[in-house]
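For reference, the structure is listed below as structure tokens.
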Number of protein chains: 2
Amino acid sequence: MKRDSRLSMVLHALLHMADHEGPMSSEVLAKCMCTNPVVVRRTMGLLREAGLVRATRGAAGGWELAVPLEGVTLRQLHEALGEPTVFAIGHKNEAPGCLVEQAVNAVMDDAFAAAEALLLERFAAVTLADLAKEFSARFAAHRSGVKARIAKG
Amino acid sequence: MKRDSRLSMVLHALLHMADHEGPMSSEVLAKCMCTNPVVVRRTMGLLREAGLVRATRGAAGGWELAVPLEGVTLRQLHEALGEPTVFAIGHKNEAPGCLVEQAVNAVMDDAFAAAEALLLERFAAVTLADLAKEFSARFAAHRSGVKARIAKG
DNA sequence: GCGAATCGTAATATTAAAAGTTACGATTAA
DNA sequence: TTAATCGTAACTTTTAATATTACGATTCGC
């Protein structure tokens, strides 16, 4: 299976939107994400349903944040995307008749549930504002790197 | 993507093998796992390379455990399978030029790394013997359920 | 040694899920 | 009125896992 990259995509999109006056079109966002405008509409549409973004139609329309950066966690976004399957590892049969397989499933489920709980907890602890801060730090580092290279010759 | 069900499969297979005198053929195991003998050979082959099982060829050959149940953890099996990708959620681009996307990837990676570490820790804490115990408990419960149903009707 | 059962493995096909694409109607600003 | 835009359905492509076919190599029992 391909991996679901929608969370990654919307985070990227939302940060760009936060740093942009007025709405951004699906077309522009798609270019920026290396994807397709329809994919952007489909995915952002889920965030719209969750009240996290606004879409305006017609000329000069597009997508805008509907909430402050501090008000959105990765977990909320994950939920807005429909809480997609987290693990690429799973059972051979979800509801086996074999008692051996039932025991296997039960024990594996315990471990996966614990890991998923931790992941969601981490997601809940990170807001878009935190991400923006992380970006700023990288931007500053990048700039000083460029300056150093220029000074060096 | 389909989810990787090999860990589930080998656990099921190993427990059946533990409960069986002499080697079990890929054909028999495949029936039991609802899969194909070649898939069994391919997957068990990885465990053989890790020294966890033995294969004997020729008539009356097949697969056997090479270590005691107490000596194998889920983590060892996961490793023997080549430490397959744990998460079905991933980045849009692994090595983006965009600093925004780099920040997104970095923050997501932190969360995923923590969750994966916990999962592997859990895996390391469970041996095949523990699974066998879990099975026994289920078997006992199942038996008493059957008895009750027989007594009742 | 012979034949049947079995593993080892390469090559290919199938399947499931994500992502991409095409198409077109609805809406809105200028 | 026109052009830009979202909303959405239908379909195609891509990717990774799994399944299948095929056949050589090995081993057991005779």
Side-chain angles (χ1 to χ4, degrees), chain A residues 1-10 12-13 17 20 22-49 53-64 66 78 81-94, chain B residues 1-10 12-13 17 20 22-49 53-64 66 78 81-94:
Chain A
M1 158 186 47
K2 270 175 181 167
R3 298 167 82 191
D4 182 336
S5 60
R6 292 176 305 161
L7 181 58
S8 162
M9 188 185 99
V10 300
H12 187 179
M17 286 158 57
H20 187 270
M24 295 180 78
S25 73
S26 303
E27 188 113 25
V28 168
L29 287 172
K31 279 260 167 42
C32 184
M33 315 288 137
C34 299
T35 182
N36 189 288
V38 179
V39 173
V40 171
R41 286 187 207 121
R42 207 147 56 195
T43 311
M44 296 297 283
L46 296 170
L47 306 195
R48 185 193 56 220
E49 286 169 17
V53 300
R54 245 191 318 272
T56 51
R57 291 176 160 197
W63 301 93
E64 283 173 300
H78 176 67
L81 294 174
E83 305 198 67
T85 305
V86 167
F87 297 105
I89 295 178
H91 302 322
K92 188 92 188 62
N93 298 292
E94 286 309 323
Chain B
M1 147 193 47
K2 270 176 181 168
R3 299 166 83 192
D4 183 336
S5 60
R6 291 176 305 161
L7 180 58
S8 161
M9 189 186 97
V10 300
H12 187 179
M17 283 157 58
H20 185 270
M24 293 181 78
S25 73
S26 303
E27 186 113 26
V28 168
L29 287 172
K31 280 260 168 42
C32 186
M33 314 287 137
C34 299
T35 183
N36 188 290
V38 178
V39 172
V40 171
R41 287 187 206 121
R42 207 148 54 199
T43 311
M44 296 298 283
L46 296 170
L47 306 195
R48 185 194 55 220
E49 286 168 18
V53 299
R54 244 192 318 271
T56 50
R57 292 177 158 196
W63 301 92
E64 282 173 300
H78 177 67
L81 293 174
E83 306 197 66
T85 306
V86 167
F87 297 105
I89 295 178
H91 302 323
K92 188 90 186 63
N93 298 294
E94 286 309 324

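- For the side chain to side chain donor-acceptor pair (under 3.5 Å) test, no residue two or more places apart in sequence or in another chain qualifies with A:H78.
- For the pair B:E27 CD and C:dA4 C1', the interatomic distance rounds to 13 Å; values are reported in whole Å.
- Scanning residues 33-41 of chain B for heavy-atom distances under 4.0 Å to DNA chain C yields B:V38, B:R41.
- Positionally, the nearest nucleotide of DNA chain C for B:M24 lies more toward the 5' end than for the other of B:M24 and A:P84.
- Applying the side chain to side chain contact (heavy atoms under 4.5 Å, CB included) rule to B:L7 yields the partners A:M108, B:V10, B:L11, B:L77, B:L81, B:F123; only residues at least two apart in sequence or on another chain are considered.
- For A:E49, the side chain to side chain contact (heavy atoms under 4.5 Å, CB included) partners two or more places apart in sequence, or in a different chain, are A:L46.
- Remark: P of D:dA16 and CD1 of A:I89 are 15 Å apart, rounded to the nearest angstrom.
- B:R54 contributes no side-chain N or O that forms a donor-acceptor pair with the base of C:dT6 under 3.5 Å.
- With hydrogens and angles left out, the side chain of A:R42 and the base of D:dA9 share no donor-acceptor pair within 3.5 Å.
- For A:E27, the CD atom counts as loosely surrounded, since its 6.0 Å shell holds 12 or fewer non-hydrogen atoms of other residues, nucleotides or ligands.
- Rounded to whole angstrom, the span from the CG atom of A:L46 across to the C1' atom of D:dT8 amounts to 12 Å.
- Between the side chain of B:R3 and the base of D:dT15, no donor-acceptor pair of N or O atoms lies under 3.5 Å.
- Note on residues 83-94 of chain A: pairs passing side chain to side chain donor-acceptor pair (under 3.5 Å), not counting sequence neighbours, are A:H91-A:N105, A:H91-A:D109, A:N93-A:E101.
- Using a 4.5 Å heavy-atom cutoff, the side chains of B:M24 and B:M44 are not in contact.
- Remark: side-chain polar atoms of B:R3 are paired, donor with acceptor, to backbone N or O of A:I89 under 3.5 angstrom.
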Per-nucleotide protein contact string for nucleotides 25-30 of chain C, where B marks a base within reach and S marks sugar-phosphate only (heavy atoms under 4.0 Å, - for neither): --BBS-

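- One can place CZ of A:F87 at 18 Å from P of C:dA17, the figure rounded to the nearest angstrom.
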Got a list of side-chain donor-acceptor pairs under 3.5 Å for residues 56-63 of chain A, not counting sequence neighbours?
{"unit_1": "A:T56", "atom_1": "OG1", "unit_2": "A:G62", "atom_2": "N", "d": "3.3"}
{"unit_1": "A:W63", "atom_1": "NE1", "unit_2": "A:S26", "atom_2": "OG", "d": "2.9"}

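- Atom CD of A:E64 is separated from atom C1' of D:dC6 by 13 Å (rounded to the nearest Å).
- When rounded to the nearest whole Å, the span between CD of B:E49 and C1' of C:dC7 equals 13 Å.
- Taking the side chain of A:R48 as heavy atoms from C-beta on, and the options D:dT8, D:dT18, C:dC7, the nearest nucleotide is D:dT8.
- Taking only distance into account, the side chain of B:K2 never meets the base of D:dT18 through a donor-acceptor pair shorter than 3.5 Å.
- A sub-4.0 Å separation between OP1 or OP2 of D:dA19 and a side-chain N or O of A:K92 is present.
- The stretch residues 32-47 of chain B participates, sequence neighbours left out, in no side chain to side chain donor-acceptor pair (under 3.5 Å) pair at all.
- For the pair B:W63 CH2 and D:dT27 P, the interatomic distance rounds to 14 Å; values are reported in whole Å.
- Across the protein-nucleic acid pair, B:M9 atom CE and D:dA19 atom C1' stand 12 Å apart, rounded to whole Å.
- Within the nucleic acid shown, B:G45 has no heavy atom closer than 4.0 Å to any nucleic acid atom.
- Between A:V28 and A:H20 there is no side-chain heavy-atom pair separated by less than 4.5 Å.
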